Amino acid sequence: MKPEARRVYTEVYGGEPEVYRAPGRVNLIGEHTDYNDGYVLPTPIDRHVYVAALPRTDDRFRVYAADFHQRKEFTVRGTQPDPDRPWSNYVQGVVKVLREEGHSLKGADMVVTGDVPLGAGLSSSAAVLIATLRAIQGMNGLELDPVETAYLGKRAENEFIGVRCGIMDHFVACLGEHGRALFVDCRTNEHRLIDMQPTHRVVIVNTMVQRKLEDSAYNERRAQCVEAVSIISKHDPEVKALRDVSPEKLVEHWGTLPAVIQQRARHVVTENQRVLDAVGYLETGDIEGLGDLMYDSHESLRYDYGVSCEELDALVDATMDMDEVVGARMTGAGFGGCTVNLVEAGYVAEFIKLIKERYYQATAKQADVYLA
Ligand code: GLA
């Protein structure tokens, strides 16, 4: 893919570009916790977005999206969301936030390409944003700290694309390392890399369904979390986010919350605890313990947070009698996308065969599989 980006660049513009990249991600545990100031535990996948680029002497950006065979041109000051070339908004959004931060930027010729599956919940968007941020920093000699870079990516996505996502995806695209999980405290930005056991592999199974509902349901869940906090903080002003609510505190305030808000809050509160427990298990090598938490997380997302779907449930249920699969759960925002499975290394080939068969039997759909 890297040579591919370089080759296309030379074909389109001539010259020998620099190639920058950022990975997609899968979240092991800690779902819908990032925007509640909570904890997450993602890991990068071995699929990337590549940006091949060279600076220009004027303020023009010429961008070619090789996977869509589309071009876009704009100037540093002329960024404007383009509904016909939605991919270009990621590049434009990055240019806009960097300019707003006071950086003076040169124009550039760029090729964007990659192999992160689109719309699968593996964060191709954050990968484009971070690869672009790296390219523009490289070409302009900007030295931004990786955490700051992650937040600029989030800002571009929130403000220019108009998606109200949290920080997890950009964080792991910037600071993740292959073969290691990245624990992030989304309030303090403290983070640490944790080695994963070579005895097990992270296997991602794509339902191949993508729900339209995703955006509105995501925003609705966020609003419900805000509602929980506003009710609880009336009695307990120290509560600024669901992160501040312990399981005991939730019990204390339980009766003051409307039924659906109780469920949403219970997911977030228990999920935060599961991430902390998962980190402990990963550090002590208790892979079974980690796997059990993944199944618990799925139940909680399915019944309390209400963001799973038939296809995701079918994939998780299909692993229940496989002893070599220690854990499985939906990953990402939900309503389609992928499951993440922790599978004994020697069982991976068999697992892939079986899960595809069972998914087809249950849904008449074909699943796709990737290794992290
Ligand atoms: C999406 C968002 C993330 C996070 C997850 C749910 O992937 O982009 O910020 O909120 O959903 O955990």
Side-chain angles (χ1 to χ4, degrees), residues 22-45 49 90 93 116-130 147 150-176 181-187 189 191 204 206-207 210-211 213-226 241-243 264-265 267-275 278 293-294 296-298 300-302 304-309 312 329-340:
R25 65 97 186 91
V26 65
N27 191 16
L28 298 175
I29 198 159
E31 220 64 81
H32 291 278
T33 45
D34 60 354
Y35 54 82
N36 288 297
D37 275 6
Y39 310 109
V40 293
L41 192 66
T43 186
I45 59 173
V49 167
Y90 295 90
V116 184
L118 300 178
L122 299 174
S123 251
S124 53
S125 345
V128 180
L129 290 160
I130 301 305
V147 173
Y151 275 89
L152 288 171
K154 173 175 182 290
R155 192 168 127 200
E157 191 154 2
N158 293 161
E159 293 173 9
F160 201 83
I161 319 286
V163 173
R164 298 192 62 209
C165 54
I167 189 62
M168 165 169 72
D169 308 340
H170 318 86
F171 216 108
V172 62
C174 273
L175 286 125
L182 179 69
F183 169 70
V184 185
D185 178 335
C186 299
R187 170 174 279 169
N189 297 324
H191 54 277
I204 300 157
N206 189 349
T207 59
Q210 193 190 2
R211 292 283 148 87
L213 195 66
E214 189 180 320
D215 276 357
S216 59
Y218 186 86
N219 292 339
E220 183 189 67
R221 297 300 180 284
R222 285 189 74 136
Q224 289 168 332
C225 293
V226 170
L242 281 178
R243 147 70 172 274
R264 305 301 189 239
H267 166 70
V268 176
V269 169
T270 56
E271 185 79 350
N272 272 328
Q273 188 56 50
R274 278 188 288 273
V275 180
L293 291 174
M294 291 170 71
D296 292 347
S297 168
H298 186 77
S300 179
L301 288 157
R302 179 176 183 172
D304 271 350
Y305 218 59
V307 293
S308 188
C309 65
L312 287 166
R329 57 181 286 276
M330 56 152 277
T331 183
F335 299 104
C338 298
T339 61
V340 54

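A quick note: this is a predicted structure, and the numbers were derived from the prediction, not measured. Order of appearance sets the numbers: ligands from 1, and atoms from 1 within every ligand.
Residues R329 and S297 bring a donor and an acceptor atom of their side chains to less than 3.5 Å of each other. At a cut-off of 3.5 Å, with distance as the only test, a side-chain donor of R243 or Y39 sits close to an acceptor on the other residue.
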Going by atom type alone, with no hydrogens or angles, which donor-acceptor pairs under 3.5 Å involve a side-chain atom of residues 158-168 and a protein atom two or more places apart or on another chain?
{"residue": "N158", "atom": "OD1", "partner": "K154", "partner atom": "NZ", "Å": "3.0"}
{"residue": "N158", "atom": "ND2", "partner": "V163", "partner atom": "O", "Å": "2.7"}
{"residue": "N158", "atom": "ND2", "partner": "C165", "partner atom": "O", "Å": "3.4"}

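Applying the salt bridge (charged side-chain N to carboxylate O under 4.0 Å, His left out) definition to pairs two or more places apart or across chains, none involves residues 117-127.
Ring-plane geometry between Y305 and H267 is classed as tilted, the angle between the planes lying from 30 to 60 degrees on a 0 to 90 degree scale.
For P44, the side chain to side chain contact (heavy atoms under 4.5 Å, CB included) criterion is met by P23, V172, H178, not counting sequence neighbours.
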Ligand 1: protein N/O within less than 3.5 Å of ligand N/O:
{"residue": "ligand 1", "atom": "7 (O)", "partner": "R25", "partner atom": "NH2", "Å": "3.0"}
{"residue": "ligand 1", "atom": "7 (O)", "partner": "D169", "partner atom": "OD2", "Å": "3.4"}
{"residue": "ligand 1", "atom": "8 (O)", "partner": "D169", "partner atom": "OD2", "Å": "2.7"}
{"residue": "ligand 1", "atom": "9 (O)", "partner": "D34", "partner atom": "OD2", "Å": "2.5"}
{"residue": "ligand 1", "atom": "9 (O)", "partner": "G166", "partner atom": "N", "Å": "2.8"}
{"residue": "ligand 1", "atom": "10 (O)", "partner": "D34", "partner atom": "OD1", "Å": "2.8"}
{"residue": "ligand 1", "atom": "10 (O)", "partner": "D34", "partner atom": "OD2", "Å": "3.4"}
{"residue": "ligand 1", "atom": "10 (O)", "partner": "Y218", "partner atom": "OH", "Å": "2.6"}
{"residue": "ligand 1", "atom": "12 (O)", "partner": "E31", "partner atom": "OE2", "Å": "2.7"}
{"residue": "ligand 1", "atom": "12 (O)", "partner": "H32", "partner atom": "N", "Å": "2.6"}

